[in-house]
2 protein chains.
Amino acid sequence: MKTLVMVVEDDRGLREQLVQILATASDMECVGAFASGESALTHISKKQPDVVLMDIRLPGMSGIECVSEIRKFAPAMQIIMVTIYEDSERIFRALKAGANGYLVKSSPPDQLLEAIRDAYKGGAPMSSHIARKVIQHFHMIGPSLKEADNLSPREREVLDLLSLGFIYKEIGAKLNIGSETVRTYVKNICQKMHVRSRLEAVAKHRSAS
Amino acid sequence: MKTLVMVVEDDRGLREQLVQILATASDMECVGAFASGESALTHISKKQPDVVLMDIRLPGMSGIECVSEIRKFAPAMQIIMVTIYEDSERIFRALKAGANGYLVKSSPPDQLLEAIRDAYKGGAPMSSHIARKVIQHFHMIGPSLKEADNLSPREREVLDLLSLGFIYKEIGAKLNIGSETVRTYVKNICQKMHVRSRLEAVAKHRSAS
DNA sequence: TAAACCATCCCCCACTTGGGGTAAAAATCA
DNA sequence: TGATTTTTACCCCAAGTGGGGGATGGTTTA
């Protein structure tokens with residue numbers, strides 16, 4: 001079974017180049033190459049590609065918007081951005097919109113094919129510089145304040161669920177423990193983090209993550 | 001000029017294995033192999049490695065703590081975590097502490113060497129599954145929800161204070177309004193943001209920022 | 001002008017949470 | 001092995017919160 005790939009790229013030269021690269025791989029099949037996000041969206045449901053190569057700069061709808069749209073009905077489809085932009089702003093917006101990978105256009109053909117295979121297998125292919133920028137984002141948001149450091153794994157688990165807005169009952173149900181036990185955890189967490197309420201703990205927790 | 005590499009790994013077998021792999025690379029030189037974070041820290045200033053391979057589970061100080069310590073005096077040193085742990089929790093803590101890469105221990109030798117070169121050149125080597133988990137983090141914090149958009153200025157003000165962990169009384173005092181009024185705002189905010197509680201609203205609010 | 005929205009305040013009631021405990025089984029460490 | 005930490009669970013009580021109302025002016029807008 002071949003991996004089905006779709007290309008969305010407005011520059012005709014580059015688009016045909018991508019299609020040709022795909023043709024050289026015996027384990028892949030190009031099921032469509034479009035010049036705009038709009039035209040890609042009208043065909044994507046029928047074609048059901050496994051992986052989509054998406055340019056960011058497109059006429060009309062941007063590649064990032066297109067990713068958002070695709071994600072609404074195909075949460076598991078693999079989408080790799082292929083673009084010249086290396087600014088953190090676009091990278092993060094694309095990733096937040098739901099992209100699974102991010103390659104710069106200068107990537108050599110074999111790296112492109114390897115990236116498609118990687119994405120298909122559940123990886124997240126990124127060009128070297130892109131990966132570094134992503135990692136740097138974590139350095140920025142910094143060493144998680146030591147306040148949350150000495151929480152036990154279970155306590156951290158509770159704190160995470162708390163951060164998602166669940167009440168004790170629900171957390172208890174999810175973790176298969178009683179809500180009273182959850183209360184105990186929260187009390188311990190509040191003590192360890194030197195805050196008065198679960199809400200402050202969540203605020204502190206999120207600002208550190 | 002060879003790339004200077006240091007190894008921090010408590011398991012003797014694996015440590016010597018890593019040293020041997022490094023010995024096979026003509027462009028690298030192992031300048032130290034330590035069994036604990038503490039001993040590594042006492043020698044790292046003299047050895048001045050370009051890249052450090054760091055285990056997470058270590059006796060005494062954890063690998064993550066060790067990374068934090070190294071970052072205090074060597075912000076530019078490349079540190080690659082080499083570990084069996086693939087849980088998001090540890091990955092993010094390590095990255096936040098300042099790690100530049102994250103490999104699982106099952107990585108083959110040539111991938112390890114390539115990762116060291118990648119890190120040295122300014123990349124951020126990650127095993128396939130690790131990269132996916134990092135990317136998923138961005139999917140989680142999602143496309144900045146616009147749900148908080150149609151809040152009135154006053155409501156936003158209340159939401160901000162709420163996010164800092166204040167209770168209604170305190171917010172009322174700060175804004176010179178009654179706590180009952182604050183309650184009304186929070187109720188409206190919850191309605192507008194389609195959530196059940198102030199905590200969910202805060203979670204949504206912060207994750208969108 | 002009427003409708004819509006905003007900011008402000010109040011009531012009731014059931015549920016949830018914070019703060020204070022106690023305690024035992026399980027896992028981990030020394 | 002013994003000591004410590006982690007995980008689990010329960011108690012009481014006072015305070016805070018969520019959900020449902022209603023009410024008064026003021027401003028904007030259709």
Side-chain angles (χ1 to χ4, degrees), chain A residues 146-205, chain B residues 10-11 35-38 56-63 65 84-85 87 89-90 93 147-205:
Chain A
K146 287 164 207 133
E147 312 241 47
D149 263 15
N150 43 7
L151 294 183
S152 74
R154 197 62 159 174
E155 285 167 346
R156 242 187 292 272
E157 213 168 344
V158 170
L159 182 52
D160 283 337
L161 288 171
L162 210 54
S163 300
L164 294 174
F166 295 109
I167 62 176
Y168 297 167
K169 267 188 202 169
E170 297 167 332
I171 296 175
K174 278 180 199 295
L175 300 180
N176 277 88
I177 56 179
S179 69
E180 282 300 324
T181 310
V182 177
R183 276 166 51 68
T184 305
Y185 282 128
V186 173
K187 280 187 280 193
N188 291 336
I189 291 168
C190 287
Q191 275 198 335
K192 286 189 183 176
M193 293 181 75
H194 309 291
V195 296
R196 291 170 303 163
S197 67
R198 77 202 182 290
L199 204 135
E200 272 190 87
V202 166
K204 214 161 189 172
H205 179 236
Chain B
D10 65 319
D11 183 81
S36 77
E38 289 84 350
I56 283 193
R57 179 190 213 99
L58 290 172
M61 165 187 278
S62 82
E65 289 174 283
I84 52 168
Y85 300 106
D87 57 296
E89 177 58 34
R90 282 201 182 76
R93 279 204 296 142
E147 310 238 49
D149 267 13
N150 45 5
L151 294 182
S152 75
R154 198 59 158 175
E155 286 168 344
R156 236 187 295 271
E157 213 168 346
V158 171
L159 182 53
D160 283 337
L161 289 171
L162 210 54
S163 300
L164 294 173
F166 295 110
I167 62 176
Y168 297 167
K169 268 188 204 169
E170 296 166 335
I171 296 175
K174 278 180 199 298
L175 300 181
N176 278 87
I177 57 179
S179 69
E180 281 301 324
T181 310
V182 178
R183 274 167 51 68
T184 305
Y185 283 130
V186 172
K187 280 188 279 192
N188 290 336
I189 291 169
C190 288
Q191 275 197 336
K192 287 190 183 176
M193 294 181 76
H194 308 292
V195 297
R196 292 170 302 164
S197 67
R198 76 201 183 292
L199 204 135
E200 273 190 87
V202 167
K204 216 160 189 174
H205 178 235

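A note on names: the letters A, B, ... follow the listed sequences, proteins ahead of strands, and every chain is numbered from 1. Being a predicted model, the structure only gives us computed values, none of them experimental.
In the set D:dG16, D:dT8, D:dC11, D:dC11 carries the atom at the smallest distance from any side-chain atom of A:Glu180. Among the nucleotides D:dA9, C:dT16, C:dG18, the one closest to any side-chain atom of A:Tyr168 is C:dG18. Checking D:dA9, D:dG21, C:dC9 against every side-chain atom of B:Thr184, the shortest atom distance belongs to C:dC9. Taking every side-chain heavy atom of B:Lys187 into account, C:dC11 is the closest of C:dC11, D:dT7, C:dC9. Checked against C:dA7, D:dT17, C:dT16, the side chain of A:Ile167 finds its nearest nucleotide in C:dT16.
Mapped onto DNA chain C by nearest heavy atom, A:Ser197 and B:Arg57 fall at different nucleotides, with A:Ser197 at the one closer to the 5' end. Judged by closest nucleotide on DNA chain C, B:Asn188 is the one of B:Asn188 and A:Leu199 placed further toward the 5' end.
Here B:Tyr185 reaches the OP1 or OP2 of C:dT8: one of its side-chain N or O atoms lies under 4.0 Å away. B:Thr181 has a side-chain polar atom (N or O) that falls below the 4.0 Å cut-off from OP1 or OP2 of C:dC9.
With rounding to whole Å, A:Ile171 atom CD1 is found 13 Å from D:dT8 atom P. In this structure, A:Glu157 atom CD and D:dT7 atom P are separated by 9 Å, rounded to whole Å. Note: CZ (A:Phe166) to C1' (D:dT17) measures 19 Å, nearest angstrom. Across the protein-nucleic acid pair, B:Glu200 atom CD and C:dT16 atom C1' stand 14 Å apart, rounded to whole Å. Atom P of nucleotide D:dA15 and atom CZ of A:Arg198 are separated by 17 Å, given to the nearest angstrom. Between the CZ atom of B:Arg154 and the P atom of D:dT27 there is a distance of 15 Å, given to the nearest Å. In this structure, A:Ile189 atom CD1 and C:dG18 atom C1' are separated by 14 Å, rounded to whole Å. Summarising the geometry, the separation between NZ on B:Lys169 and C1' on D:dG16 is reported as 8 Å, rounded to the nearest angstrom.
Of the candidates B:Val186, B:Ile177, B:Val182, B:Val182 is the only one forming a side-chain contact (heavy atoms from CB on, under 4.5 Å) with B:Ile171.
Rounded to the nearest 0.5 angstrom, B:Ile84 CD1 and B:Arg90 CZ are separated by 8.5 Å. A distance of 9.5 Å separates CD1 in A:Ile167 from CZ in A:Arg198, rounded to the nearest 0.5 Å.
Panel note: side chain B:Thr184, backbone B:Glu180; a donor-acceptor pair is recorded below 3.5 Å.
Side-chain atoms of A:Arg183 and base atoms of C:dG19 include a donor and an acceptor less than 3.5 Å apart.
Here the closest heavy-atom approach between residue B:Pro59 and residue B:Asp10 is recorded as CD-CB, 3.4 Å.
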